[in-house]
Each structure stands twice: as C-alpha cells, then as structure tokens.
Amino acid sequence: QVQLVESGGGLVQAGGSLRLSCAASGRTFNGYAKAWFRQAPGKEREFVAVISWSGNSTYYADSVKGRFTISRDNVKHMVDLQMNSLKPEDTAVYYCAAALVITPDEDRYDYWGQGTQVTVSS
C-alpha cells in the first residue's frame, strides 16, 4: 500500500517554528517531485512549496517565501517543511503530495497524505 504520512504538526505561538515531515512507504517515489499544500478552515486547499526529485529546484508560494524551507532525503524517503516566523494565517491542515512534475497545480499530484494540523496562536 502506497502511503505518505505527515507528522510534526501542533500548536505554536506566532513567531515560532515547526518542522513537518512526510514519510513515504509502499514505493520509492523515484523521479517524483514532492510538495506541501495546506487547507485552512473554510478555504480551498492551496500550494505551499514543491521540491524536485533531485532537490535542486524548489518553488514557494509568495505567502511563505523567506519563512518556509522544503527539503528532502531520498535515502530515507522523507520530505520536510521547516516553517519559521509562523503567523496565525498559517493555521491549516498541511498535506504532503507527490507528482511526476514540478507544479503548484494540485490536480497533477497522484499521491496524498492524510494531513497534519498546524495551529498558530496570536
């Protein structure tokens, strides 16, 4: 069974940091780009960041640029999202996803995790 499992979510005060992790199992995801999306209450899911298979290319949503960093370890089959200077508007369920292309378009992603809740208090 192919799985992406997120961890690391929680409650943090504004200005704080969290590190999310996504572990892959069931297949190697060789060649797949990995991304993070998020969905806040009452809003549509939105793109956060994506990293290429090699790790050489990364792209971020303007809202998180300079605060979030995406990274991956293909040996451990992990992708992380380091989130610094968190704001209340970053509160959302964060999802890990995998696709064969580097894109912010969620429709292009074939595999999704179940999500992890991040809550930023003011």
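Keep in mind that this is a model prediction, so the values were computed, not measured.
A continuous path of Ile, Leu, Val, Met, Phe, Trp and Tyr side chains, each step under 4.5 Å between heavy atoms, connects Val64 with Leu18, placing both in one hydrophobic cluster. Residues Val50 and Val79 fall into different hydrophobic clusters, defined by Ile, Leu, Val, Met, Phe, Trp and Tyr side chains chained together at heavy-atom separations under 4.5 Å. A single hydrophobic cluster is not seen to contain both Val93 and Tyr111; linkage of ILVMFWY side chains at heavy-atom distances under 4.5 Å, directly or through other members, places them apart. Residues Leu20 and Met78 do not share a hydrophobic cluster, defined by chaining ILVMFWY side chains whose heavy atoms lie under 4.5 Å apart.
Using modelled atom types, no side-chain atom of Ser52 and backbone atom of Ala33 make a donor-acceptor pair closer than 3.5 Å. With hydrogens and angles ignored, the 3.5 Å screen pairs a side-chain donor or acceptor of Asp73 with a backbone N or O of Lys76. When atom types are taken as modelled, the side chain of Tyr109 and the backbone of Cys96 share no donor-acceptor pair closer than 3.5 angstrom.
The six-membered or imidazole ring of Trp36 lies away from that of Phe47, with a centre-to-centre distance of 6.0 Å or more.
Residues Thr91 and Val118 are not in side-chain contact: their nearest non-hydrogen atoms beyond the backbone lie 4.5 Å or more apart. Between Glu106 and Trp112, the closest side-chain pair of non-hydrogen atoms falls below 4.5 Å. Side-chain contact between Tyr32 and Asp110 is present, with heavy atoms from C-beta onward closer than 4.5 Å. Here the side chains of Gln82 and Ser17 are in contact, with some heavy-atom distance below 4.5 Å. Side-chain contact between Leu86 and Gln13 is absent, with no heavy atoms from C-beta onward closer than 4.5 Å. With contacts defined as side-chain heavy-atom distances shorter than 4.5 Å, the pair Gln39/Tyr95 qualifies. A 4.5 Å side-chain heavy-atom check between Ile102 and Trp53 finds every atom pair outside the cut-off. Under the 4.5 Å side-chain criterion, counting only non-hydrogen atoms from C-beta, Tyr59 is not in contact with Thr103.
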### Task
Could you walk me through whether Tyr60 and Thr69 pass the side chain to side chain contact (heavy atoms under 4.5 Å, CB included) test, one step at a time?
CA-CA 8 Å; Tyr60 297 90; Thr69 302; 3.8 Å; yes
#### Entry: Derivation and outcome, side chain to side chain contact (heavy atoms under 4.5 Å, CB included), residues Lys34 and Leu4
CA-CA 10 Å; Lys34 293 280 184 67; Leu4 295 173; 4.2 Å; yes
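Among all heavy-atom pairs drawn from Phe37 and Pro104, the shortest one is CE2-O, 3.5 Å. Closest of all the heavy-atom pairs between Ala14 and Ser122 is CB-CA, 4.4 Å.
Taking OG of Ser71 as the start and CD1 of Ile51 as the end, the distance is 6.0 Å to the nearest 0.5 Å. Separation of atoms CZ (Arg72) and SG (Cys22) is listed at 9.5 Å; rounding is to 0.5 Å.
Around the CZ atom of Arg27, the shell of radius 6.0 Å holds more than 12 heavy atoms that belong to other residues, nucleotides or ligands. The environment of NZ in Lys43 is sparse: at most 12 heavy-atom neighbours from other residues, nucleotides or ligands sit within 6.0 Å. Heavy atoms from other residues, nucleotides or ligands lying under 6.0 Å from CD of Gln114 number 12 at most.
Ring pair Tyr94/Phe68 is tilted by interplanar angle, where 30° to 60° counts as tilted.
Listed by first and then second residue, the salt bridge (Lys or Arg N to Asp or Glu O under 4.0 Å) pairs that reach into residues 77-105 are Arg19-Asp80, Arg38-Asp90, Arg67-Asp90, sequence neighbours excluded. Every pair tested for salt bridge (Lys or Arg N to Asp or Glu O under 4.0 Å) that includes a residue from residues 1-11 fails, sequence neighbours excluded, so the list is empty.
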